[in-house]
**Student:** 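One structure, as structure tokens, below. Some questions next.
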Amino acid sequence: MYKDKLDRILLKVQKPSRYIGGELNSIEKDPEKVTMRFAFCFPDTYDIGMSHLGMKILYSLINSVPEYWCERVFMPLPDMEEQMRKNDILLYGLESLEPIRNCDFIGFTLQYELSFSNILAMLDLAGLPVYAKDREALTPIVCAGGPCVCNSEPIADFVDICILGEGEEINLELMRLLEQCKAEGVSKHEFLVRAAQIEGIYVPSLYDVQYNEDCTIKSIIPLEGAPAKVRKRIIADFDSVYYPETFVVPFSEIVHDRAVVEVLRGCIRGCRFCQAGYFYRPFREKSVDTIKKETVSVCETTGYDEVSLTSLSTSDHSEIEKMLACLADYSDAARVNLSLPSMRIDRFSEELLDRIKSVRKSGLTFAPEAGTQRLRDVINKNITEENIMNGCRIAFEGGYTAVKLYFMLGLPTETMEDIEGIAELCQRIIDLYYSLPSRPKGKGIKISVSLSTFIPKPFTPFQFEPQPTEDVIKERQKHLMEVVNTKKVQVSRSHFDVTHLEAALARGDRRLSAVIYAAWKKGCKLDGWTEYYHYDKWLEAFSECGIDPSFYVNRQRSYDEILPWDHMDLLIDKSFFVRENKRAHEAQTTPNCREKCSGCGVSRCIGRACFPNG
Amino acid sequence: METKNIRVFFSKTGRAVYISHLDLYRLFQRAIKRAKLPIWETEGFNPHVYITFALPLALGTAGLCESMDTKLTEDISTDELVQRFNDALPRDIRVLSAAEPVRKATEIALSEYEAEFDCDSEAFTKFLSAEHIPAEKKTKRGIAELDLKQHLNVLEQRPGYLRFSFPSGAEFNINAGLLFDAFEKISGTEIYSLHITRTAIKCSDGKIFG
Ligand code: SF4
């Protein structure tokens with residue numbers, strides 16, 4: 001145990017309490033009495049990782065088994081890493097303060113592509129070889145889960161196992177298998193072969209990928225009985241799915257320092273750029289009773305005074321009004337604020353506004369994503385200008401003077417007209433504000449426009465699309481800055497350098513493992529942090545490996561190309577994505593799943609209609 | 001009922017020594033909410049439970065006699081108060097007792113510490129017996145030079161162990177860690193491990209702050 005060693009270095013680093021564990025509700029077990037140890041690694045810093053709901057769920061779930069012990073592990077910032085290396089401290093779990101290399105599982109959750117280099121950094125800090133083939137012993141098994149595993153090919157050389165789908169289902173099954181294999185004393189290879197038989201488990205080393213001369217994929221052949229298609233696991237009965245009674249409460253302030261209750265999973269909408277919307281299909285929701293019960297439990301056991309009702313689109317809960325009314329009784333009495341982070345502008349009403357008013361009076365956030373109706377139809381963001389104006393009117397009449405609007409630049413079929421549409425939309429919102437007699441007196445309006453760059457993602461109808469080149473993106477960004485000519489609108493935009501790498505990694509194949517390795521060797525890590533991001537080093541790494549990132553970023557794929565992730569089965573037919581892609585190019589919208597099923601394939605796989613009337 | 005002032009004594013040890021003063025404040029607020037204790041809340045737009053700490057403890061130093069003042073709005077037995085606090089606090093912060101405050105925080109004059117450490121003992125003895133122990137202390141106005149020797153009172157010393165006191169209080173306060181930083185700097189040798197614990201807080205008349 002590193003306690004003594006840590007005592008020597010912790011006063012030399014920023015915010016030491018995030019490196020020592022011991023927080024309320026953290027779980028310490030007797031190492032002698034546990035049979036399986038799981039090091040749950042979030043490949044980013046404590047402040048970010050501790051805000052993440054998936055980690056809280058799996059942490060509690062594994063620890064609910066008395067003989068299994070799950071610990072939390074995060075990426076140390078450079079000041080801490082330096083101290084650890086100087087003092088021979090290997091990456092350790094916050095619960096035991098012991099090196100994680102002695103654990104049975106080292107599990108990474110992959111929420112964004114820019115955390116890939118952190119996997120290598122953390123394995124190395126743990127004193128382990130970064131390449132899976134160089135880790136010969138049965139344990140630790142390095143696994144990865146989270147939305148990024150729908151295309152885990154870029155990290156295929158580093159991880160032993162990927163977990164496709166909802167970890168609540170698979171994790172314990174996998175742990176039981178390893179426990180058994182350890183007892184039998186089988187080899188790591190034998191364990192992997194057996195693990196590949198579990199539905200939702202993907203073992204990259206059991207697939208042989210061949211390439212064509214133009215570098216596209218020729219074939220992906222499963223070996224040793226591994227399934228040709230790895231099928232995503234989902235939870236059928238979401239209402240009774242495991243949910244933690246409590247959360248670990250950090251000592252220091254973190255990004256989202258509050259209680260969280262997941263009210264639904266999936267999304268009915270089908271926005272064509274949104275990977276999460278497809279990854280988490282089918283749409284499932286919890287009953288109001290369950291939500292209330294979980295809210296009370298988490299609030300009472302943590303002492304938080306804010307609870308966030310989270311999901312991809314909370315306002316789409318079929319009983320949102322009843323839910324809020326029911327929760328309000330509790331939250332008023334317990335003096336807990338409710339917050340709804342993801343709200344659709346077309347579901348926005350006076351009542352909703354009243355409920356969330358107490359939380360943040362300063363600003364409201366909406367995501368029209370595109371400036372013209374035509375382009376909103378292309379991306380299937382089923383929002384009309386009327387919806388937007390109506391939402392803003394309610395907000396202004398409710399006393400808000402600032403709105404934040406999210407847009408995406410570089411969407412398929414986008415023209416300069418669509419860019420100008422953003423400025424025009426802002427102007428109409430400003431005009432609306434000043435036309436309202438009931439607007440807040442004596443106050444101006446502020447619109448913040450957040451302009452991100454479109455990144456085509458696997459398992460979306462836009463998976464075939466190129467991202468516009470650097471010149472085009474920069475020209476359009478510039479044009480928007482020119483056409484926005486009022487101080488009432490403030491535009492912030494994403495950095496090209498970062499989106500470019502994210503776009504390459506998102507749709508990368510296995511050949512990118514070499515690039516990630518080379519970049520990491522050059523010192524790349526914490527790529528999600530502007531101050532640590534080195535685009536130049538990444539470009540060097542690409543060129544040293546003889547790989548042109550534009551092959552992944554700017555290339556149009558044909559519908560029949562074998563995509564690097566084609567052996568993953570997200571329960572959605574590829575033909576559905578093709579259909580949706582064609583409709584996008586015709587600016588045809590597709591109704592949301594609750595209105596009408598579009599036959600994506602999920603309901604066939606789960607053997608029932610997604611919605612009762614469907 | 002009228003509100004009743006109460007002073008809660010607690011220890012902060014082990015992993016909890018890295019909790020900053022600001023974070024400790026929030027931690028107790030949440031613990032009070034979890035424990036549903038009848039604690040007075042400030043009025044106004046954003047009400048919060050009223051708590052105040054008599055004397056901050058330096059980051060990295062453990063404490064066995066820390067205290068927090070608050071106001072109760074209902075009668076509750078000391079035993080129950082202690083129990084409910086402890087059920088709601090992280091393991092390494094323990095409420096030890098509670099009582100009506102006797103002394104004012106402004107009467108605090110010194111703190112006693114116990115340090116266990118691993119270093120060159122001879123060098124340490126030599127360091128302590130020097131006529132002056134120059135050190136630098138961070139203040140609001142920048143860095144101030146001071147002679148620790150003038151303020152240090154050694155109560156017990158043996159190899160690897162020192163019991164001593166330093167002035168404490170809102171007016172003038174010296175962190176215990178300063179002594180060991182000065183040793184490393186002056187002797188040019190390293191301390192391999194160091195655990196400092198505040199064992200007593202006393203008023204100017206020499207009586208325990210209670
Ligand atoms: S099967 Fe139909 S309702 Fe279900 S997710 Fe697919 S499109 Fe939506």
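Quick note on labels: first sequence line is chain A, next is B, and so on, each numbered from 1. Only a predicted model underlies this, so the values are computations on that prediction, with no experimental measurement involved. All values below come from the heavy atoms of this structure, side chains included, with hydrogens, waters and symmetry mates left out.
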**Student:** Got more than 12 heavy atoms from elsewhere within 6.0 Å of OH, B:Y192?
**Tutor:**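 At most 12 heavy atoms, drawn from other residues, nucleotides or ligands, come within 6.0 Å of this atom.
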**Student:** Taking non-hydrogen atoms and a cut-off under 4.5 angstrom, which of residues 77-96 of chain A neighbour chain B?
**Tutor:**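 Checking residues 77-96 of chain A against chain B gives A:L94, A:E95, A:S96.
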**Student:** Please check if atom CD in B:E171 has more than 12 non-hydrogen atoms from other residues, nucleotides or ligands closer than 6.0 Å.
**Tutor:**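 Check fails, neighbour count at 12 or below.
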**Student:** To check you understand the geometry: which heavy-atom pair defines the closest contact between B:L59 and A:L11, and what is its length?
**Tutor:**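 Scanning both residues, the minimum pair turns out to be O-CD2, 3.5 Å.
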**Student:** Going by salt bridge (Lys or Arg N to Asp or Glu O under 4.0 Å), name the residues that satisfy it together with A:K3, two or more places apart in sequence or in a different chain.
**Tutor:**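 A:D7.
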**Student:** Heavy-atom distance under 4.5 Å to chain B: side chain of A:Y304, backbone, both or neither?
**Tutor:**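 Both backbone and side chain.
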**Student:** Strictly less than 4.5 Å between heavy atoms, which residues of residues 11-33 of chain B line up against chain A? Please order them by number.
**Tutor:**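 B:G14, B:R15, B:Y18, B:I19, B:D23, B:R26, B:L27, B:R30, B:K33 fall under the 4.5 Å cut-off.
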**Student:** Do you know which two heavy atoms are closest between A:G22 and B:P90, and how far apart they sit?
**Tutor:**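 In terms of heavy atoms, the two residues are closest at O-CB, 3.7 Å.
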**Student:** Would you mind checking which part of A:R18 comes under 4.5 Å of any heavy atom in chain B, side chain (CB onward), backbone (N, CA, C, O), both or neither?
**Tutor:**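 A:R18 has no heavy atom closer than 4.5 Å to chain B.
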**Student:** What pair of heavy atoms forms the shortest contact from B:R34 to A:V249, and how long is it?
**Tutor:**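 Looking at all heavy atoms of both residues, the shortest contact is NH1-CG2, 4.4 Å.
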**Student:** Working to the nearest 0.5 Å, report the span between CG of B:D118 and CG of A:D4.
**Tutor:**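 B:D118 CG to A:D4 CG: 10.0 Å, rounded to 0.5 Å.
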**Student:** More than 12 non-hydrogen atoms from neighbouring residues, nucleotides or ligands closer than 6.0 Å to NZ on A:K443, yes or no?
**Tutor:**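 Not more than 12 within 6.0 Å, no.
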**Student:** Near B:K137 NZ, under 6.0 Å, is it more than 12 heavy atoms from other residues, nucleotides or ligands?
**Tutor:**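 Buried by this count: over 12 neighbours within 6.0 Å.
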**Student:** Which answer fits A:N25, side chain, backbone, both or neither, if we ask what part of it has an atom under 4.5 Å from a heavy atom of chain B?
**Tutor:**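 Contact with chain B is absent: no heavy atom of A:N25 under 4.5 Å.
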**Student:** Just checking A:K446: does its NZ atom have more than 12 heavy atoms from other residues, nucleotides or ligands closer to it than 6.0 angstrom?
**Tutor:**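 At most 12 heavy atoms, drawn from other residues, nucleotides or ligands, come within 6.0 Å of this atom.
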**Student:** Hey, is CD on B:E80 packed in by over 12 heavy atoms from elsewhere, all under 6.0 Å?
**Tutor:**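 Enclosed.
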**Student:** I'd like to know which of A:P250, A:C299, A:S252 tops the heavy-atom pair count under 4.5 Å against chain B.
**Tutor:**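 Between A:P250, A:C299, A:S252, the count favours A:S252.
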**Student:** Do A:E23 and B:R91 meet the salt-bridge criterion of a basic N to acidic O distance under 4.0 Å?
**Tutor:**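 Result for this pair is no, no salt bridge flagged.
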**Student:** Evaluate the side-chain proximity of B:L89 to A:L24: yes if any heavy-atom separation is below 4.5 Å, no if none is.
**Tutor:**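 Result no, sub-4.5 Å side-chain heavy-atom pair not found.
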**Student:** Listed by residue number, which members of residues 62-73 of chain A have a heavy atom under 4.5 Å from any heavy atom of chain B?
**Tutor:**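 Residues of residues 62-73 of chain A touching chain B at under 4.5 Å: none.
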**Student:** Nearest 0.5 angstrom please: B:H195 NE2 to A:R8 CZ, how far?
**Tutor:**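 Here the interatomic distance stands at 11.0 Å.
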